[in-house]
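Working notes, beginning with the structure itself.
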Amino acid sequence: MHSVTRRRLLATTVGLAAAAVTPRLVQAQAQAPGPAAGPFRRDPLPYPPNALEPHIDAKTMEIHPERHHQAYVTNLNNVAKDHPQIAQQPIPDVLAKLNDVPEAVRTMVRNNLGGHANHTMFWQIMGSGGGRPSGDVAAAIDRDLGGLDKFQNDFNAAGGRVFGSGWVFVTVDRAGKLAMETKPNQDTPLMDGKRVLFGNDVWEHAYYLQYQNRRPDYLKAWWNVVNWGKVGERYAAAKAGTLGV
Ligand SMILES: [Fe+2]
């Protein structure tokens with residue numbers, strides 16, 4: 001038999017064989033649990049994706065939670081199949097004791113659990129409100145961070161200085177004292193045993209569709225979508241010792 005003909009015949013035979021098993025494969029895939037099945041879960045946004053326009057575009061607010069945040073959750077659920085203990089303690093406790101996580105998956109847990117915690121906080125503390133802080137949070141900003149105008153300028157500058165991808169945070173301790181810090185990648189002050197009052201994501205995926213390389217413009221516009229009411233609730237929770245991620 002001519003070799004080309006033989007190859008064609010072989011290909012046809014393999015193709016027929018594949019066609020014969022395809023329906024069963026499809027059925028098996030439909031019945032199998034998806035890659036995201038597991039103990040970790042991403043809550044839906046508490047507002048529609050277009051709620052933050054014109055400051056953050058709706059497309060970003062679809063892709064950012066549904067693909068970027070979801071990828072961290074999916075990765076965690078895959079790790080949890082062999083290491084269920086990462087889901088058996090509160091997230092801040094796991095992140096504060098990363099040395100207890102097996103070395104083989106420690107970096108994976110650091111990146112993905114950090115990313116899950118950071119984004120869970122991030123969706124919560126935004127909304128269509130804007131405005132200014134009030135009450136205890138406003139007083140704490142005046143006392144610890146030099147007043148709202150100075151604090152916002154310092155926060156924007158710190159966010160602008162993050163090289164590559166990372167976050168800028170305001171931390172809060174049990175006495176209600178505030179401080180500002182930045183972290184690279186998906187690291188979080190939770191890794192240092194601290195609590196996060198709020199923070200801003202300065203990864204390019206958070207702003208590139210609308211702002212491209214103009215991170216300073218994004219940082220400035222972002223204040224229009226901070227939900228100060230929610231920040232106030234988190235501040236009270238921190239003082240009560242009940243603030244999680
Ligand atoms: Fe992000």
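Ligands are counted one by one from 1 in listed order, and the atoms in each one are counted from 1 as well.
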Spacing of OG1 belonging to Thr107 relative to CG belonging to Asn185, to within rounding of 0.5 Å: 11.0 Å

His68/His119 aromatic ring centres below 6.0 Å: no

Do Trp223 and Phe151 make the cut of ring centroids closer than 6.0 angstrom? yes

Trp167-Phe198 aromatic ring centre distance below 6.0 Å: no

Would His68 count as a contact for the Fe ion (ligand 1), in the sense that one of its N, O or S atoms lies under 2.8 Å from it? no

Could you pull out the atom name of the N/O/S atom in Asp201 that is nearest the Fe ion (ligand 1)? OD2

What's the NE2-the Fe ion (ligand 1)-NE2 angle here (His119, His205), rounded to 10 degrees? 140°

Does the shortest distance from the Fe ion (ligand 1) to an N/O/S atom of His64 fall below 2.8 Å? yes

